[in-house]
Structures are given as structure tokens and as C-alpha cells.
Amino acid sequence: MYQITISVDYNRADWLYSVDDVIKNKLNSCFAVSALRTSGRRVYCSFGCETQSRTQMLDAIKSGLIELFGVMGKYDFIKKHLSLGLSKTNYDLLLHTLVAFDRENEYKLLDKIICVEDSMAIDGVFNFKLCELKERWIEICNLTRNNGAYLYDDETYIELLRFLISAVNPKVNKLTIKEANGSYSLFGNLKNSVINISVKSGAELMYYLIDLAPLELIIDGQLTNRELSKRLEGIFDAKVLNQTRNKTKK
């Protein structure tokens, strides 16, 4: 039996809860198990597997940690260092977009930095080993802040988001959005699975789209929220299916 434990200060326990869920989804192939516990000011997550599955389990843990630092760690860092007088909706959307920006290159760098070992403190890794990434994130914050005046105009705000998302490698080629009964449904295909997501708010829909960065976005029918529709068309170059049909008939 092979076992490894990672930990974090309880103030960042949400990091460990998040990475535990991510890693669990990757552990099925190596028949590994995990368990969470709290002791004093730290939260611990232990992983165990048969010795012959050691490499697969370590790969799963490393993959989960890369995603943790590249998403939650980056989000918390930029939020702490970037203050703007935008509305909460616009600020949150910008923040999510900045987190997605350049993620593939950052994941490659994290892959070189992170070495999974027993008794690993993930807050220690974040505090002391991610200096190069943090310098990049500070540059992003400074550049955004220095051009903050442009963000108060909706057209230039949309143009900035469009530019940032254009630098994100797409996770899916094509997505379709349909509104029904006050909800938005997302349909698409990944390599080995089907996307079928239902969300209640336009903000949540935007967060999913930023993460997936589709090459092609289709709106099946008109959306009741015209502002949301405008942003989808401006940022993702979304096409309205019914409009396309009507043009074809003409």
C-alpha cells in the first residue's frame, strides 16, 4: 500500500476541498482512495493505492494541483491585487477572463514546478515556489489597472474580453445555447463526453463559456436578455440560429 498526504492552512481549506473533488474524478483508473481530516489549524487530504498504481495516483494528484494553482490560486491572487471601480458583474466577469487567459502556458510552467511528495503543504508551494507565475499575474494586474479607463466604456470592455478569450485554447469546437423556462441550456461535444449544462443566470452562463472558450457559439432562438445576447455576439461572435435561417430563406 502506498500513501501520500497533502495539507493546507484552514483559511484556504476550500482549496483542498476543491482539489479533492478534482483528484477523485481522476483516481478511478488506479483504484485509489482519499480521505479528508482536520487537525489544529490545518486540513489534510490523504491518498492511498496499491504500490503498482503509485505512478498513476501521483499523476492524478499533480494534475489536480496544477488545476488548483492555475484556477483558484490565480483567481485569489488577482482578486487581491486588482482593484477597479467596475460594477460587480463586470468586475467578476473580467476576473474570470483574466484567470482563463494564457492558462495553457501557465499549466506547462506549473507542470515543471510541481513535484508531488509526501507531507506536501500546498499553501507553502503557492507562497514560495510560484514566484515566476506571480510576476506574470502582477503584470496582468498592472496592465489592466493602467488601462482601466477603457473598461468603463461597454464597447471597449467587450473588445478587451474578446481579445483575452481569443488567447484561450478552446476546450470545445461548437456550443449551442437555448433559453427555456428561465434557464439557459448548453449543448456540445467533448472528445469522450457530451456537454449538457443548465444554468439559471446569465453570469453563470458567461463563466462556463469563458472556461470552455468555444470556437463556434450558436444561440438557438432569441434570448430575452438582450444585453446578454449582445455580449455573447460581441465577445464570442455568437450566431443566432433563427436569424441564420431567416437569411437563408430570403
Side-chain angles (χ1 to χ4, degrees), residues 67 70-72 74-75 78-79 82 84-107 140-141 143-144 147-191 193-250:
E67 188 171 334
V71 178
M72 293 189 70
K74 185 178 181 181
Y75 180 92
I78 292 180
K79 186 175 182 179
L82 182 62
L84 293 169
L86 297 173
S87 67
K88 185 179 186 306
T89 299
N90 281 6
Y91 177 77
D92 288 345
L93 186 58
L94 174 63
L95 188 56
H96 278 79
T97 309
L98 291 173
V99 169
F101 177 72
D102 203 32
R103 67 183 172 200
E104 285 73 27
N105 289 325
E106 292 179 351
Y107 281 15
I140 290 173
C141 291
L143 184 62
T144 304
N147 292 277
Y150 297 105
L151 299 176
Y152 299 100
D153 178 81
D154 201 53
E155 288 189 10
T156 52
Y157 174 83
I158 288 176
E159 280 299 317
L160 173 63
L161 296 193
R162 183 186 180 95
F163 165 75
L164 292 172
I165 292 172
S166 70
V168 178
N169 283 352
K171 292 183 179 179
V172 60
N173 289 329
K174 181 179 178 179
L175 278 176
T176 299
I177 301 171
K178 187 174 180 62
E179 181 181 2
N181 302 319
S183 298
Y184 303 100
S185 296
L186 270 173
F187 305 97
N189 293 295
L190 294 174
K191 289 182 179 179
S193 61
V194 175
I195 297 174
N196 189 346
I197 302 169
S198 180
V199 298
K200 291 291 186 181
S201 70
E204 190 178 0
L205 173 66
M206 292 295 292
Y207 299 155
Y208 272 109
L209 291 174
I210 290 167
D211 180 56
L212 294 169
L215 285 175
E216 183 180 4
L217 183 63
I218 302 297
I219 302 174
D220 187 357
Q222 295 286 344
L223 301 183
T224 54
N225 186 332
R226 295 304 303 154
E227 181 61 29
L228 174 62
S229 183
K230 177 184 175 183
R231 292 202 164 188
L232 293 177
E233 293 173 29
I235 298 171
F236 298 97
D237 197 24
K239 302 296 187 296
V240 180
L241 191 61
N242 284 352
Q243 287 183 353
T244 303
R245 287 173 178 167
N246 290 338
K247 288 179 182 178
T248 303
K249 289 178 181 178
K250 292 178 182 179

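In this text, all values refer to a predicted model and were calculated from it rather than measured experimentally.
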Nearest 0.5 Å, please: how far is CZ in R231 from CG in L209? 13.0 Å

May I ask you to test the [X]-[Y] pair for a side-chain heavy-atom distance under 4.5 Å?
X: L151; Y: N90; result: no
X: E179; Y: N225; result: no
X: D211; Y: R103; result: yes
X: L228; Y: Y184; result: yes

Side-chain donor-acceptor pairs under 3.5 Å in residues 194-205, sequence neighbours left out?
residue	atom	partner	partner atom	Å
K200	NZ	S183	OG	3.2
S201	OG	E204	N	3.1

Could you tell me whether the side chain of [X] and the main chain of [Y] form a donor-acceptor pair under 3.5 Å?
X: S166; Y: F163; value: yes
X: K174; Y: E216; value: no
X: T97; Y: L161; value: no
X: R162; Y: G234; value: yes
X: K74; Y: A100; value: no

Given L160 and L94, is the side-chain contact (heavy atoms from CB on, under 4.5 Å) satisfied, shown in steps? CA-CA 9 Å; L160 173 63; L94 174 63; 4.1 Å; yes

